[in-house]
Amino acid sequence: MAKYDPNHKVWPQLLKKIEEEGTLHFSLIDPDLTFQTLRFIGKIIKYSTEAGTDAILVGGSTIADQFAVERVVGRIKENTDVPVIIFPGNINAFAKKADAVFFMSLLNSRNLYWIIQSHMIGAPQLRLWNMEAISMAYLIIEPGGTAGYIGDVNHIPRNKPKIASAYALAAQYIGFKAVYFEAGSGVDKTVPVDFVKSTSNFIDIPLFVGGGINDEKEAVKFTRAGAAAIVQGTYLEKKVIKDKGAALKRIIRGIKAAAREKL
Ligand code: 1GP
């Protein structure tokens, strides 16, 4: 039987932090170097780390260049000590220098490739690298953005929180370590807050939420609703360099204060 690998520390550390702090903040970087530079990414990471983010996720739906992902992760590691976790959009999204991978299955895709086939192709490479793989159920809710389009998703309707909760519970029973509710990057409607409220009370594994969360009010709302982590990507790209992370610091402080009230 496979032994627990003591080098795989990212998930135990995140779980401990969730237990202690209630809700975490994850910064998402799209490693697509066709529209941004390594210098730009380095600055975002520096300011996000100073603002108190808990982990850096690296991923996007339209990555073509695996070497770019490796370079981006290298630049990120130069600018932060927080865990760097691949948030893979496909099998070419991995990087050896990352600390872990969210091994995520897009459960409400219509296409088996996104549910398990791409995982079959990628898994042996992760084993070769002795990379920590953290299983995560990925569920996309309307509008879904690019991830929903690329992932050939049967979107969960915005007025059907019970469907989302039922998927999340099924994911827990199958053995996923966490669930991610995604509205799509840069969308104008976040996941409805009642989805997070009802599901976080219905399951026993951490529930992460992302897509369109751009201010403190939204972030605090999801924290109060029971999210174990709030993910922000577009906000960082658009705002964090301009004010050197000052507003992000307030957002993260707001999340942590609201989370403390729940503990
Ligand atoms: C995308 O949920 C994440 O996968 C983050 O979305 O870019 O809108 O913050 P934003």
Side-chain angles (χ1 to χ4, degrees), residues 23-32 35-36 40-41 44-45 47-48 51 53-63 69 72 76 84-90 93 98 101-109 114 118 134 136-153 155-156 158 164 168 178-193 195-196 199-200 206-223 225 227-242 245 247-248 250-252 254-255:
T23 305
L24 309 184
H25 178 274
F26 293 163
S27 297
L28 173 66
I29 293 293
D30 190 328
D32 186 350
F35 72 98
Q36 61 192 337
F40 177 78
I41 290 172
I44 292 182
I45 294 303
Y47 295 136
S48 300
T53 198
D54 296 292
I56 312 294
L57 311 192
V58 182
S61 303
T62 53
I63 308 304
V69 183
V72 167
I76 292 171
V84 179
I85 308 170
I86 301 292
F87 180 65
N90 210 329
V101 168
F102 277 134
F103 204 66
M104 44 205 251
S105 176
L106 179 47
L107 293 186
N108 62 327
S109 175
W114 303 111
S118 53
I134 304 164
M136 184 162 82
Y138 192 45
L139 290 162
I140 303 188
I141 292 138
E142 284 177 332
T146 309
Y149 177 78
I150 301 276
D152 193 4
V153 163
H155 291 89
I156 301 176
R158 297 181 64 76
V179 174
Y180 190 115
F181 280 178
E182 172 74 86
S185 182
V187 294
D188 55 4
K189 280 184 198 144
T190 64
V191 169
V193 74
F195 275 49
V196 173
T199 302
S200 63
L207 173 61
F208 305 147
V209 63
I213 303 174
N214 294 320
D215 59 33
E216 184 183 341
K217 210 173 131 207
E218 293 281 346
V220 165
K221 198 171 76 179
F222 285 112
T223 303
I230 311 289
V231 184
Q232 289 193 292
T234 305
Y235 172 84
L236 307 176
E237 283 170 16
K238 290 197 173 150
K239 299 279 163 76
V240 100
I241 292 180
K242 280 187 194 148
L248 180 63
R250 287 196 291 277
I251 293 176
I252 296 175
I255 291 172

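Just follow the structure's listing: the first ligand is 1, and inside any ligand the first atom is 1. Residue numbers run from 1 in the order of the sequence given.
Considering A183, S27, G211, G212 only, the shortest heavy-atom separation from atom 5 (C) of ligand 1 involves G211.
With a heavy-atom cut-off of 4.0 Å, Y180 touches ligand 1 through its side chain alone.
Each of the following atoms of ligand 1 lies closer than 4.0 Å to a heavy atom of E182: 1 (C), 2 (O), 3 (C), 4 (O). Close contacts between ligand 1 and G210 involve ligand atoms 2 (O) [criterion: under 4.0 Å to a heavy atom]. Annotation for ligand 1: atoms under 4.0 Å from non-hydrogen atoms of L28 are 1 (C), 3 (C), 4 (O), 5 (C). The contact set between ligand 1 and Q232, taken as ligand atoms under 4.0 Å from a residue heavy atom, comprises 9 (O). Of all atoms in ligand 1, numbered sequentially from 1 with element shown, those under 4.0 Å from a heavy atom of G186 are 7 (O), 8 (O), 10 (P).
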For residues 23-32, tabulate all N or O donor-acceptor pairs below 3.5 Å that involve a side-chain atom, not counting sequence neighbours.
residue : atom : partner : partner atom : Å
T23     : OG1  : A227    : O            : 2.9
T23     : OG1  : K262    : NZ           : 3.1
H25     : ND1  : T53     : OG1          : 2.7
H25     : NE2  : Q232    : OE1          : 2.9
S27     : OG   : T53     : OG1          : 2.8
D30     : OD1  : D32     : N            : 3.1
D32     : OD1  : T34     : N            : 2.9
D32     : OD1  : T34     : OG1          : 2.5
D32     : OD2  : T34     : OG1          : 3.2

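The protein atom (non-hydrogen) at minimum distance from atom 9 (O) of ligand 1 is G233 N, 2.8 Å.
The salt bridge (Lys or Arg N to Asp or Glu O under 4.0 Å) test applied to E142 returns no partner, not counting sequence neighbours.
Here F35 and F40 keep their ring centres 6.0 angstrom or further from each other.
Not close to ligand 1: A147, with no non-hydrogen atom less than 4.0 angstrom away.
Test N90, N108, V153 against W114 for side-chain contact (heavy atoms from CB on, under 4.5 Å) and you get one pass: N90.
Taking distance alone, with nitrogen or oxygen atoms compared against 3.5 Å, S185 approaches ligand 1 more closely than that limit. At least one N/O-N/O distance between T234 and ligand 1 falls below 3.5 Å.
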